[in-house]
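Questions regarding the structure given below will be posed in turn.
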Amino acid sequence: MTSHPLLEQLNQKQRAAVGAPEQHMLVLAGAGSGKTRVLVHRIAWLIQELRLSPYSIMAVTFTNKAAAEMRGRVEELVGSSTRAMWIGTFHGLAHRLLRAHYMDVGLPQNFQILDSDDQQRMLKRIMRSLNLDEKRWSPKQAQWFINAKKDEGLRPHHLDGYDFNERTYKEIYDAYQVACDRSGLVDFAELLLRAHELLRDNRIVREHYQRRFRHLLVDEFQDTNSIQYAWVKLLSGAGSDKEHENFVTIVGDDDQSIYGWRGAKIENIHQFTLDFPKVDTIRLEQNYRSTNTILSAANSVIANNNDRLGKELWTEGGMGEPIDLYAAYNELDEARYIASQVEAWHEQGNALQDVALLYRSNAQSRVLEEALLHARIPYRIYGGLRFFDRQEVKDALAYLRLLSNRDDDAALERVINTPTRGIGARTLEIVRDGARQRGTSLWLAAKQLATEKVLTGRAANAVLAFVDLIQQLEDETNDYSLGRQVDTVIKSSGLMAMYQAEKGEKAETRVENLKELVNACDNFDQLDRVDDEELSPLNGFLAHAALESGEEQADEHQDSVQLMTLHSAKGLEFPLVFMCGVEEGLFPSQQSLDEAGRLAEERRLCYVGMTRAMQKLVISYAEQRRVYGQEKLHSASRFIAEIPAENLHHVRMQSHRNFTTEAPNYGRFNTAASHEAFEESGFQLGQRVRHVKFGEGTVLNYEGSGAQSRIQVNFDDLGSKWLVVAYARLERC
DNA sequence: CGCGTTCCAGTTTTT
DNA sequence: CTGGAACGCG
């Protein structure tokens, strides 16, 4: 078996996983241990060596990106089409099930998917109609509540409602669900929940899929929530008395579980070993990414967590460089230091795209951007608004949804007066009331109210004109190609004209995006989409838009530094990584310190960040940082103290020249002249000083000059104090 | 109905 | 401090 081509170039553990007999498997795959490789090779092994049909394999991931990569690599390896195989995200596969069995789950054939933004708007309307105190109940919280319940597999009737809060949320959940059902709308959590209920309650359907999928492989299992776990269990047939019991392979890393806050259950990994018989556990601990120094530091940090399944990364590679630690005196200094280091890296002939700047929260990117801009270093930020999430694109999609399904209230609300066509708030109110009383969709109510003369005059005419517009658009574009259909809809609806009439750069991009949408439709190849054989091109495209909100714009081919949150860095790797703002209160975040268990997750996030680095890791923190417009004093994160000293190299504060010359550009430093005067006093910003009574500290700021000049010192034990230089008798140290 | 002003909240993100 | 949303006016 060692000579098999699929096992070549794999280490012993990887081979054990890939070449294992048919069995349940838990692959604990550390960061950079070749996890995807093992998954892909395992699938190839099942097909080529164990002679399984691709038809009997299902592979599940969390992101479309991961799913696409997996399919591509399997095809490359197997050398044939994997069309028969189900590879996709949990949501994608659930969607596929619901499309195939829409009748069994009580959905209309042309049901549509609500994204998170749609869901929130919908809730806002529901809550208005329930006359809830808007100060007290926010759609956001309601959304959070409902999704959390759905993730747990709970319907409104499962909630006891003892507690007043929960009673109200239950009422909202109930009304929301009724509205969704009436409109044929399904939110993300509903996709999973309904697919689960389908499998649970429909024996024929369940057994059909249980017979079909002999092997289930699930990636990133530490990120599964309760309903996803239940879903896998149902499909596997585990614990049931049926004759088919399928084989499940889960791959994951408990140390990289960073989505607990959105319902991921790290315990699912452990639970798996209890719920499934004879699970073979394989640990992949050999790392092919980072230096020994980085791994040793990461191992030390994560060792501070309890209840780990246990794993220690190692590498055959060398120690590499130490981890640089830069203690900035404020966030501007930190950004400037990072920019200068990136510049140095670039000047040594390295690529900018090999550098990542990682931070805990998005707000931190701004100062970094400014510094990069100033240093003329091109950069790219991950995690912006995606294509299908843009306002103008969503407007256009709403028209299309309405063409497909008139009862789609969310879509109708969005475009009935976009562009404005004389249907104001008052008219809409009447229509909403009418719909509520009659228990119908907004579309039907609007039509009836206008013909029945409940609505009169201008309002009635406007409503009827809208109804005609949609009807006529459908008739006209019925047999058009998707691209031409969308083009016509955008133009005839007046959407294009509306955005063209607006001025400014923003409006121009919007027009461009609408044109791009037509392109996207032209390029949308139904044949490529194995999932949705039964879908009309239009519905296929709409589902695609909702489930894959669009690639990050790959437009920038320019070599540029990558900026992203620690969360979005998961799964990526870079030769040079900067972890910025590693301060108590920021990372770990303040909120995580208040709640039990959250600190451990922050530490895992730190572990994820550190293990992104291949050659060199730089950690920085700022003693003083502006947060929400207020200066806050921060100390180094506890995570820094958890790194062995021998792996760290404390970088000395840079020379002062930079501050004085660049200060005006940042706008928040003292003038060059006053700075010079300050330097004559013999102190520098960021310098360590000792006071007879207060102990040691760092110079943060100063004001004035000469005899009156005062200096701000952040003392290690006492915090920050302003001292008059002439009297304080500070010593440099 | 559109525009200007005030007010308020404010981790992490995918589907 | 900032951006988004709500509110009030013409």
Side-chain angles (χ1 to χ4, degrees), chain A residues 60-67 88-95 113-121 124 128 134-135 138-141 144 147 150-151 186-193 195 220 223-225 227-228 257-264 331 358-364 366-367 382-386 388-389 391 417-428 458 462 502 543-550 552 564-571 581 585-595 598 601-602 604-606 608-609 625-632 667-668:
Chain A
V60 196
T61 63
F62 274 84
T63 66
N64 292 298
K65 197 172 155 197
T89 62
F90 275 104
H91 291 87
L93 298 178
H95 173 244
I113 300 166
L114 283 183
D115 69 20
S116 158
D117 182 58
D118 297 330
Q119 184 185 35
Q120 208 171 317
R121 285 158 170 266
K124 197 175 204 171
R128 286 242 163 101
E134 292 186 33
K135 292 264 183 314
S138 80
K140 223 175 184 172
Q141 288 172 300
W144 187 262
N147 290 341
K150 288 191 175 186
D151 285 346
V186 173
D187 60 52
F188 287 131
E190 184 73 20
L191 284 170
L192 301 175
L193 179 50
E220 305 276 19
D223 288 338
T224 51
N225 61 31
I227 201 79
Q228 288 161 335
S257 163
I258 55 174
Y259 288 112
W261 52 274
R262 66 175 197 208
E331 78 276 21
L358 309 183
Y359 36 79
R360 176 69 239 270
S361 75
N362 286 304
Q364 286 171 257
R366 240 195 45 193
V367 183
Y382 270 69
L385 203 53
R386 260 110 33 110
F388 289 116
D389 290 336
Q391 178 192 306
N417 203 34
T418 311
T420 50
R421 41 174 75 89
I423 302 174
R426 186 78 201 99
T427 310
L428 255 178
R458 271 207 318 228
E502 285 177 19
H544 166 78
L547 288 173
E548 312 187 23
S549 4
E552 304 270 343
M564 67 190 81
T565 62
L566 287 154
H567 280 91
S568 36
K570 193 168 88 156
L586 198 62
F587 186 32
S589 77
Q590 194 55 56
Q591 293 93 320
S592 73
L593 297 174
D594 309 334
E595 223 180 303
R598 300 282 292 278
E601 183 154 309
E602 295 282 302
R604 292 193 290 268
L605 190 57
C606 182
V608 166
R625 180 182 295 273
R626 214 168 224 213
V627 186
Y628 301 139
Q630 295 220 300
E631 296 291 353
K632 288 263 187 334
R668 273 163 54 195

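So that the names make sense, note that chain A is the first sequence line, chain B the second, and so on, each numbered from 1.
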Contact class for A:Glu602 vs. all strands (heavy atom < 4.0 Å): base, sugar-phosphate, or nothing?
base
Assign each of A:Lys140 and A:Leu191 the nucleotide of DNA chain B bearing its closest heavy atom; nearer the 5' end lies the nucleotide of A:Lys140
To the nearest angstrom, the CG-C1' distance between A:Asp151 and B:dT14 comes to 11 Å
Counting primed atoms, P, OP1 and OP2 as sugar-phosphate and everything else as base, the B/S/- map of nucleotides 2-10 of chain C against protein heavy atoms under 4.0 Å is S---S----
Notebook entry, point to check: Between A:Arg386 and A:Glu548, is there a side-chain N and carboxylate O pair less than 4.0 Å apart?
Noted result: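 Salt bridge: no.
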**Study point:** Nearest listed nucleotide, side chain of A:Thr565, among B:dT13, C:dC1, B:dT15
**Key:**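 Closest of the options to the side chain of A:Thr565: B:dT13.
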Check: Using a cut-off of less than 4.0 Å, is there contact between a side-chain N or O of A:Thr420 and OP1 or OP2 of B:dG2?
Finding: yes
Per atom distances to the A:Phe188 side chain, the nearest of C:dC1, B:dT13, B:dT15 is B:dT15
Problem - Minimum-distance nucleotide to A:Tyr628 side chain [options: B:dT15, B:dT12, C:dC1] - result: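 Among the listed nucleotides, the one closest to the side chain of A:Tyr628 is C:dC1.
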Between CG of A:Leu385 and P of B:dT13 the distance, given in whole Å, is 14 Å
Checklist line | Length of the CG-C1' vector between A:Asp223 and B:dT15, whole Å | finding: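 The answer, rounded to whole Å, is 13 Å.
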A:Asp115 meets the salt bridge (Lys or Arg N to Asp or Glu O under 4.0 Å) criterion, sequence neighbours left out, with A:Lys394
query = Mapping A:Ala363 and A:Arg421 onto DNA chain B by nearest heavy atom, which one lands closer to the 5' end?
reply =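 It is A:Arg421 whose nearest nucleotide is closer to the 5' end.
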- Message: My understanding is that only residues two or more places apart in sequence, or in another chain, count here; which of them pass side chain to side chain contact (heavy atoms under 4.5 Å, CB included) with A:Gln120?
- Response: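 Only A:Pro139, A:Lys140, A:Gln143 meet the side chain to side chain contact (heavy atoms under 4.5 Å, CB included) criterion with A:Gln120.
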To the nearest angstrom, the CG-C1' distance between A:Asp115 and B:dT14 comes to 12 Å
note: A:Phe388, atom CZ; B:dT14, atom P; distance rounded to Å ~ 16 Å
### Query
Rounded to the Å, how far apart are A:Tyr382 OH and B:dT14 P?
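After rounding, the gap between these two atoms is 11 Å.
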Regarding A:Ala425, tell me which of base, sugar-phosphate or nothing describes its non-hydrogen contacts under 4.0 Å with the strands shown. sugar-phosphate
Contacts of A:Arg262 that satisfy salt bridge (Lys or Arg N to Asp or Glu O under 4.0 Å) - sequence neighbours left out: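 None.
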Quiz item: Please give, in whole Å, the distance from C:dC1 C1' to A:Lys632 NZ?
Solution: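 Interatomic distance, NZ of A:Lys632 to C1' of C:dC1: 12 Å.
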message: What contact category does A:Asn417 fall into here, base, sugar-phosphate, or nothing, at under 4.0 angstrom with non-hydrogen atoms?
response: sugar-phosphate
- Task: Would you check if A:Trp261 stacks with the base of B:dT12, given a 5.5 Å centroid limit and a 30° plane limit, both strict?
- Result: yes
Against the side chain of A:Leu547, the closest entry in B:dT15, B:dT14, B:dG2 is B:dT15
Main-chain N/O of A:Gly263 paired with A:Asp151 side-chain donor or acceptor, under 3.5 Å:
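Checked: no pair found.
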Pick base, sugar-phosphate or nothing for A:Asn362, based on heavy-atom distances below 4.0 Å to the nucleic acid. sugar-phosphate
Sorted by chain and residue number, the side chain to side chain contact (heavy atoms under 4.5 Å, CB included) partners of A:Thr89 (sequence neighbours excluded) come out as A:Thr61, A:Asn64, A:His91
Rounded to whole Å, the CD-P distance (A:Glu601 to B:dT13) equals 13 Å
Just to be sure I understand the rule, does A:Phe90 reach a base, reach only the sugar-phosphate, or reach nothing, if contact means heavy atoms closer than 4.0 Å?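 A:Phe90: no heavy atom of the nucleic acid under 4.0 Å.
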### Task
Please work out if A:Ser568 contacts a base, only the sugar-phosphate, or nothing of the nucleic acid, heavy-atom cut-off 4.0 Å.
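Touches sugar-phosphate only.
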request  = Applying salt bridge (Lys or Arg N to Asp or Glu O under 4.0 Å), name anything that partners A:Glu502, two or more places apart in sequence or on another chain.
outcome  =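 If we apply the salt bridge (Lys or Arg N to Asp or Glu O under 4.0 Å) test to A:Glu502, skipping adjacent residues, there are no hits.
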Before accepting this row, confirm whether a basic side-chain N of the pair A:Arg626/A:Glu631 lies closer than 4.0 Å to the acidic partner's carboxylate O.
yes
What contact category does A:Ser589 fall into here, base, sugar-phosphate, or nothing, at under 4.0 angstrom with non-hydrogen atoms?
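A:Ser589: base contact, heavy atoms under 4.0 Å.
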